[in-house]
Participant: 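Attaching a single structure in structure tokens format; questions to follow.
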Protein chains: 2
Amino acid sequence: MTQKRDGAGTRAGDAYDAIRQAIRTGDFGPGERLRFSALQDLCGMSVTPVREALTRLTAEGFTVLDEHRGYSVARLSLAELGDITAARQLCEGEALRLSVMKGDEDWEARVVAAHHLMARIPQGREDMPSVMREDWEARHGAFHVALISACGSPTLLEICGKLSLQADRYRRMSVSVSGAARDVLGEHRELLERALARDADGAAEALREHYGRTAAMLANFFET
Amino acid sequence: MTQKRDGAGTRAGDAYDAIRQAIRTGDFGPGERLRFSALQDLCGMSVTPVREALTRLTAEGFTVLDEHRGYSVARLSLAELGDITAARQLCEGEALRLSVMKGDEDWEARVVAAHHLMARIPQGREDMPSVMREDWEARHGAFHVALISACGSPTLLEICGKLSLQADRYRRMSVSVSGAARDVLGEHRELLERALARDADGAAEALREHYGRTAAMLANFFET
DNA sequence: GAGTCAATGATTTTCGAAAATCTATTGGAT
DNA sequence: ATCCAATAGATTTTCGAAAATCATTGACTC
């Protein structure tokens, strides 16, 4: 074999990761065209797995296909940000409500643990406090996943996951960490407390507000 | 060129249609393995476009991929039917609520027209009244699409569309047209009336009940 | 001068075969 | 008899090149 990657099973999977990361970090900006030649250079493989990766990315909304004319990075818009946010408020709000109602001890433990890991490190970098730390973002995502993990609906979880990936592109847009105008710590703590207090509707409402604030903050970056 | 298909742009698209249809009609049953050799025979093309079609179908939940071990048709389960139904009630209910609130004259016209086309033909076949007519199913789907078409949220519409495709697999399971235990005509008329009366919450509630009844009916086929 | 059409170049899409991986079987050792 | 390793067969996955399609350019007609 040419190379044995640790966990990665197929080249198509590697290509998927590589291209998605390149889009995440802005190496390929919104609207930018994605030529196979360039992607083959980036991924170091033939056209076949690259094409499969693009098919998947397109299904998830990261890229757009114009038949016989090629792929390009999906554009971002203020309207879509609002749309995605509304959908998240609906779906993840309900998922959280169900999760709080159905969650058992293990769920509580997962939520507490995830919150602890997130609260344990600062949101911004030490050298550049205005830029989010990669690991904080990961733990932040894990906390939100833990919150809804007991909802009992694989379908809802999948929808929430995809919406979260979409929203992530907008989240990354914000160079600044929202300034001091917002108490992110407090918002998360409130989520945690209401969840543990089994206040299903309250937790769902807090989550919707949480996402609403995030969207409102990000919306500023479209007017710059 | 070898052949010029009317509207079809790529072979991958044709493969997607062909395989999905084969799954819909039961040519490939739930859990059945999908070998590339068989699919190439079915579609009459090389492995590349078939693979792309499977990638798409997998993203939409029709098929399942076990890396290096091949694709197979996704299994159906009573649990998933309930799960999908709940998600539809949530998402499409909200979409309908928004649509009724925001819809303009053109939307009203679309809804009335779609309902008329659906009500114009019988649900079951003349020769085999227990089997649904293909064209009725198509018009039924078009009516539901028209109902939510004014919700203003592309994201929500996409989610509803995908859930509808999933649910379609279960809908097709039912050999019988639900017997006389149900007034499908009436349910749809109620949806139409509440929508036109701009009773947003009422329409949404009627839709949720509509899907609830459909699911309850289909659930019987798992106990046979 | 505007518009149509054919030729050219760039790019996507598809093919057929090679490479990699998994599954089942056989043979042998404990 | 059971378990493990090596082999063979079947299948997926990837490659490199050919075919098909789209965009551009320039000539030609009206």
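The sequence lines fix the lettering, A, B, ..., with proteins before strands; numbering per chain opens at 1. As the structure is a prediction and not an experimental result, all values here were calculated from the model.
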Participant: Would you tabulate the nitrogen or oxygen pairs shorter than 3.5 Å linking the protein to nucleotides 7-14 of chain D?
Facilitator:
from   : atom 1 : to      : atom 2 : distance (Å)
D:dT11 : OP1    : B:Arg35 : NH1    : 3.2
D:dT11 : O3'    : B:Arg33 : NH2    : 3.2
D:dT12 : OP2    : B:Phe36 : N      : 3.3
D:dT13 : OP1    : B:His68 : N      : 2.7
D:dT13 : OP2    : B:Arg51 : NH2    : 2.0
D:dT13 : O5'    : B:Arg51 : NH2    : 2.7
D:dT14 : OP1    : A:Arg11 : N      : 2.2
D:dT14 : OP1    : A:Ala12 : N      : 3.3

Participant: Name the residue from A:Leu65, A:Val64, A:Leu34, A:Thr63 that meets the side chain to side chain contact (heavy atoms under 4.5 Å, CB included) definition with A:Leu57.
Facilitator: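 For A:Leu57, the side chain to side chain contact (heavy atoms under 4.5 Å, CB included) check succeeds only for A:Thr63.
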
Participant: Between A:His144 and A:His210, is the gap from one ring center to the other below 6.0 Å?
Facilitator: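 Yes, the ring of A:His144 comes within the 6.0 Å limit of the ring of A:His210, centre to centre.
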
Participant: Between B:His116 and B:Phe143, does a ring-ring contact (aromatic ring centres under 6.0 Å, His included) hold up when you go through it step by step?
Facilitator: CA-CA 9 Å; B:His116 175 76; B:Phe143 173 59; over 10 Å; no

Participant: Can you tell me if A:Tyr16 and A:Gln21 form a side-chain donor-acceptor pair at under 3.5 Å?
Facilitator: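 On atom types as modelled, these side chains do not qualify, holding no pair under 3.5 Å.
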
Participant: For A:Met101, does the CE atom have more than 12 heavy-atom neighbours from other residues, nucleotides or ligands under 6.0 Å away?
Facilitator: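 More than 12 heavy atoms, drawn from other residues, nucleotides or ligands, come within 6.0 Å of this atom.
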
